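Remarks on the structure that follows.
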Amino acid sequence: MTTLPVKPGIVTGLVFEAEIVRHAAPQQLVACHGPGLNQAEAAARDLIRQGADGLVSFGVAGALDPALRSATALIPARVLDESGAAHICSPIWRGAILAHAPALEGQGDLLSVASPVTGPADKAVLRERTGARAVDMESLAVARAAEAHGLPFIALRAVLDEAEDVIPATAMAGMRADGRTDMGATLAALARRPQDLPALVRLARANAAAGKTLARLAHLVA
């Protein structure tokens, strides 16, 4: 495709990410079936059935590159799987977005994995093995769905946790399969693991900052 999509479909893994898009660009096609590759694939195919002529993987990501700070906006050049195989994000679409927002981190690769990456040691291993700058759990499925239907795709991501950050167990306890946050489960886990409180507070602050970045990114595909 040599022209920009006129009806892009936006895939998110978390409900709060989808709500950001719906608030910033209410006319956009958005689907959230929950976090992970299988759910993202289902969301992407749903959007294609609705007539999407391009796909966007949208949401937060974890930094693998120690130079990336929380709330940094990313528009990667490629999406990698865990074997290192690459899927090229649309250079025309990326170029158009970067022309409007040159401050974005436009270079580098985004790795998609099947399971959450919650600690610095695992992040360092993935960084060394793949060279990717950041990691998520949905973009690979979006890329594959787009390629299967001959559609362009891009990823727009905001860094949540930095390379040295730990995602506490209490935060993971509150993540539901449908992409919503179960605060009751989070609080129950915190009662069992009060030592997680400082990391949970840091994550909440980083999430708020990343959300503001995502709101700005949502306008770029409006």
Side-chain angles (χ1 to χ4, degrees), residues 11-14 16-17 20 35-37 40 56-91 93-95 97-144 153-168 171-172 175 198-218 220-221:
V11 176
T12 76
L14 302 175
F16 98 91
E17 298 163 341
I20 287 171
L37 296 174
V56 182
S57 175
F58 183 90
V60 296
L64 301 180
D65 182 347
L68 289 179
R69 302 272 73 89
S70 293
T72 299
L74 302 171
I75 177 169
R78 305 189 304 173
V79 172
L80 308 180
D81 66 21
E82 293 189 64
S83 73
H87 301 259
I88 308 300
C89 299
S90 169
W93 202 354
R94 287 181 66 252
I97 289 175
L98 289 170
H100 286 89
L104 290 179
E105 290 280 351
Q107 303 302 314
D109 296 334
L110 174 67
L111 174 67
S112 270
V113 296
S115 301
V117 183
T118 60
D122 290 337
K123 294 175 188 178
V125 169
L126 291 174
R127 170 71 170 165
E128 182 176 0
R129 193 173 79 214
T130 68
R133 301 193 73 198
V135 62
D136 75 0
M137 295 174 58
E138 292 83 33
S139 292
L140 177 62
V142 176
R144 287 173 171 169
F153 75 93
I154 56 171
L156 292 174
R157 292 277 160 173
V159 174
L160 176 58
D161 49 304
E162 298 178 2
E164 295 303 316
D165 289 340
V166 174
I167 303 293
M172 299 307 302
M175 181 181 290
L200 194 63
V201 170
R202 286 195 298 272
L203 183 65
R205 290 173 176 166
N207 194 63
K212 292 178 181 178
T213 298
L214 289 176
R216 293 193 295 271
L217 291 176
L220 297 177
V221 289

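Computed from a prediction, not measured in an experiment: that's the story for all the values here.
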* To do: Sequence neighbours left out, what pairs pass side chain to side chain donor-acceptor pair (under 3.5 Å) with at least one residue falling in residues 119-132?
  => K123-D161

* Could you give the distance from CE (M137) to CG (L14), rounded to the nearest 0.5 Å? -> 9.0 Å

* Asked: Do you know the tightest heavy-atom contact between A163 and P66?
  -> CB-CA, 3.8 Å

* Taking only residues two or more places apart in sequence, or in another chain, which ones meet R144 in a side-chain contact (heavy atoms from CB on, under 4.5 Å)? -> D81, H87, L140

* To do: Inspect the contact between E138 and R157 and indicate whether a charged nitrogen and a carboxylate oxygen are less than 4.0 angstrom apart.
  => yes

* To do: Report the C-alpha distance between F58 and V221 in whole Å, list the side-chain angles of each, state the deciding distance to 0.1 Å, and finish with yes or no for side-chain contact (heavy atoms from CB on, under 4.5 Å).
  => CA-CA 10 Å; F58 183 90; V221 289; 5.7 Å; no

* How many angstroms lie between atom CD1 of I75 and atom CD1 of I97, to the nearest 0.5 angstrom? -> 4.0 Å

* Can you spot which of L80, L37, I154, V79 makes a side-chain contact (heavy atoms from CB on, under 4.5 Å) with S139? => V79

* Asked: Under 3.5 Å, side chain of R133 to main-chain N/O of L68, donor-acceptor pair present?
  -> no

* Nearest atoms (heavy-atom pairs only) where M175 meets P35 -> SD-CG, 3.9 Å

* Does the side chain of S90 come within less than 4.5 Å of F153's, by heavy atoms? -> no

* Could you give the distance from CG (D65) to CG (D109), rounded to the nearest 0.5 Å? -> 11.5 Å

* To do: Evaluate side-chain contact (heavy atoms from CB on, under 4.5 Å) for D165 paired with L203, printing each intermediate quantity in order.
  => CA-CA 9 Å; D165 289 340; L203 183 65; over 6 Å; no

* To do: Identify the two heavy atoms, one from F16 and one from N207, that lie closest to each other, and give their separation to 0.1 Å.
  => CZ-OD1, 3.4 Å

* Structure fact -> R205 meets the side-chain contact (heavy atoms from CB on, under 4.5 Å) criterion, sequence neighbours left out, with V201

* Whether S70 side chain and L160 backbone form a donor-acceptor pair below 3.5 Å -> yes

* **Nearest atoms (heavy-atom pairs only) where S57 meets D136** => OG-OD2, 4.0 Å

* Structure fact -> Nearest heavy-atom approach of V135 to L110 is N-CD1, 3.8 Å

* Between the side chain of R94 and the main-chain N/O of P76, is any donor-acceptor distance below 3.5 Å? -> yes

* Count the heavy atoms belonging to other residues, nucleotides or ligands that lie under 6.0 Å from CD of E164, then report whether that count exceeds 12. => no

* Asked: Roughly how far, to the nearest 0.5 Å, is the CG atom of L220 from the NE2 atom of H100?
  -> 8.5 Å

* Can you find a pair of side-chain heavy atoms, one from V159 and one from R69, that are under 4.5 Å apart? -> no

* Locate the shortest heavy-atom distance separating L217 from A73; write the atom from each residue and the value. => CD2-CB, 4.0 Å

* **Full working for side-chain contact (heavy atoms from CB on, under 4.5 Å) between I167 and V117** => CA-CA 8 Å; I167 303 293; V117 183; over 6 Å; no

